[in-house]
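First up is the structure itself, then whatever we jot down about it.
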Amino acid sequence: MGEERSSSYPVVNAHNEWDPLEEIIVGTVEGAMIPPWDVIMEATLHGKDLWDFYKKHGGTPWPRELVDAAKKDLDEFVHILEAEGVIVRRPTPYDFSKAYATPDFEIESGCYALMPRDVLLVIGHQIIEAPMGWRSRYHENHAYKDLCKEYFKKGAQWVSAPRPQLSDRSYVDGFVAPTEGEPMRTILTEFEPLFDAADAIKCGRDIFVAQSSCFNRFGIEWLQRHLGDDYRVHEVSVYDTHPMHIDATFYPLAPGKLLINPERVEKVPDMFNQAGWDVLICPEPLMPEGHPMYNCSCWISMNVLMLDKERVIVSKGEDTLIEALKDWGLKPIPCNFYHFATIGGGFHCASVDIRRRGELESYF
Ligand code: ABU
């Protein structure tokens with residue numbers, strides 16, 4: 001069952017974004033469905049022009065040519081990871097095409113196992129299945145159950161956050177997303193704890209989160225209380241008209257190096273300045289105008305993946321960011337990923353680190 005390994009670290013061991021990476025789960029494009037339209041998408045997807053696309057095509061498979069192009073990118077990503085000595089694990093094939101219903105909602109299909117970062121929050125030795133707010137992603141954790149069971153049998157802690165109901169009471173009735181410049185508002189009510197795992201980012205004992213249309217305050221409170229006194233959960237002040245996930249917004253790349261999205265971060269927490277961290281401003285993305293992006297913004301450029309404190313996988317084509325990373329003392333490894341970004345996200349979204357060689361520390 002699973003791979004043999006030589007590491008002396010616990011099978012699940014991830015305390016930050018930069019300790020040397022030993023094992024990772026990478027998502028799959030196989031069987032990916034276009035997310036069926038649901039109320040939360042209005043609050044999380046940039047680009048109103050996309051709504052009609054989802055209303056018309058949601059619940060059907062992504063066109064083969066998009067899937068093939070995304071798969072080519074993902075294969076290159078896996079190849080790079082393996083060539084750099086990382087064990088890559090994949091989700092179990094799962095049929096996301098079936099309609100399903102609970103007593104509280106019904107939906108015409110699931111989505112995909114493209115982006116494990118949203119589903120599993122790995123902190124220290126534990127895997128937390130996230131209580132996700134998209135009804136179409138309600139069963140996405142099933143694609144990772146085999147891996148979770150295997151890691152559990154090898155000693156990991158494995159827990160699911162309270163299973164959400166996702167009835168209409170979880171969403172603000174009549175929600176309208178703000179236009180640029182209007183005060184930020186989010187769609188989730190405080191009826192139950194909700195978050196996607198990608199709404200949190202690790203920095204040792206300090207976990208940074210941003211409230212979004214996937215992460216409510218109840219979710220933040222649940223996470224802090226669940227993690228207990230070993231961890232401090234900090235809320236970062238951000239501005240985004242369609243907030244979803246922190247990993248294209250605020251990203252501690254390595255000790256002393258914090259990458260931020262200049263359009264979204266309102267205030268860097270004082271603790272970074274006090275501890276002498278460099279705040280690195282992500283350059284403007286270079287994604288070509290008109291490149292189709294169904295699920296995320298062009299700031300997905302900053303959704304890189306650290307292999308250790310220096311090596312960083314970054315999207316080929318993002319030359320300004322690649323040069324900046326070099327100036328900041330990092331070693332960029334470019335990988336084609338624009339086509340994966342069309343239906344998914346970046347390298348961080350497409351993966352979830354299971355084991356990095358390192359200990360729990362405080363960096364402040
Ligand atoms: N994890 C996806 C981030 C999406 C975005 O900010 O564009």
Side-chain angles (χ1 to χ4, degrees), residues 17 24-27 32 35 40-50 54 70 73-74 77 111-122 130 132-134 136-137 140 177-178 180 184 186-187 194-202 207-215 219 236-253 259-266 281-288 291-306 313-315 317-318 321 337-353:
E17 303 294 331
I24 195 162
I25 301 174
V26 172
I40 198 167
M41 293 162 76
E42 198 164 323
T44 51
L45 297 181
H46 294 87
K48 221 173 168 164
D49 43 328
L50 289 177
Y54 280 109
D73 284 359
L74 205 58
F77 179 42
C111 288
Y112 36 56
L114 279 179
M115 293 182 283
R117 185 73 57 179
D118 303 345
V119 185
L120 304 177
L121 180 55
V122 176
M132 301 172 77
W134 285 47
S136 54
R137 305 188 75 182
E140 209 166 297
E180 199 63 44
M184 191 168 121
T186 55
I187 195 170
L194 292 170
F195 61 87
D196 283 5
D199 283 300
I201 201 149
K202 297 186 284 284
I207 309 293
F208 295 91
V209 302
Q211 207 197 338
S212 76
S213 274
C214 296
F215 203 171
V236 181
S237 173
V238 300
Y239 179 82
D240 191 346
T241 53
H242 294 76
M244 173 172 71
H245 307 162
I246 197 168
D247 54 356
T249 297
F250 183 93
Y251 196 147
L253 296 176
L259 182 64
I260 64 160
N261 180 325
E263 288 189 356
R264 294 189 186 157
V265 174
E266 292 200 308
I281 312 290
C282 187
E284 281 285 322
L286 297 180
M287 166 112 18
H291 183 88
M293 293 286 280
Y294 293 101
N295 230 342
C296 57
S297 72
C298 56
W299 283 102
I300 209 65
S301 57
M302 66 174 277
N303 194 270
V304 297
L305 183 78
M306 301 301 295
I313 301 185
V314 55
S315 202
E318 291 298 334
L321 175 59
F337 225 55
Y338 280 170
H339 294 299
F340 183 86
T342 293
I343 64 170
F347 304 103
H348 200 253
C349 304
S351 62
V352 62
D353 3 334

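We use all heavy atoms of the structure for the numbers below, so side chains are in, but hydrogens, waters and symmetry mates are not. Just so you know, ligand 1 is whichever comes first in the structure, and atom 1 is the first atom listed for that ligand.
The aromatic rings of His291 and His339 are tilted relative to each other, their planes meeting at an angle between 30° and 60°.
For atom 1 (N) of ligand 1, the closest heavy atom belonging to the protein is Asp247 OD1, 2.7 Å. Nearest protein heavy-atom contact of atom 2 (C) of ligand 1 is His245 ND1, 3.5 Å.
Looking at Ser297 next to ligand 1, an N or O pair under 3.5 Å apart turns up.
Of all atoms in ligand 1, listed by their number and element, those nearer than 4.0 Å to a heavy atom of Ala248 are 3 (C), 5 (C), 6 (O). Every atom of ligand 1 with a heavy atom of Cys296 under 4.0 Å away is listed here by number and element: 4 (C), 7 (O).
For the ligand labelled ligand 1, residue Cys349 lies inside the 4.0 Å heavy-atom shell.
Rounding to the nearest 0.5 angstrom, the gap separating the CD atom in Glu318 from the CE atom in Met287 is 6.5 Å.
Taking a cutoff of 4.0 Å between a charged side-chain nitrogen and a carboxylate oxygen, Arg137 and Asp118 qualify as a salt bridge.
With a 4.0 Å heavy-atom cut-off, ligand 1 is reached by the side chain of Arg264 but not by its N, CA, C or O.
The two residues Leu305 and Phe347 come nearest to each other via the heavy atoms CB-CB, 3.9 Å.
Val265 has its side chain within reach of Thr249: a pair of non-hydrogen atoms, C-beta onward, lies under 4.5 Å apart. For the pair Leu259/Phe250, no side-chain contact is recorded, criterion being any heavy-atom separation below 4.5 Å from C-beta on.
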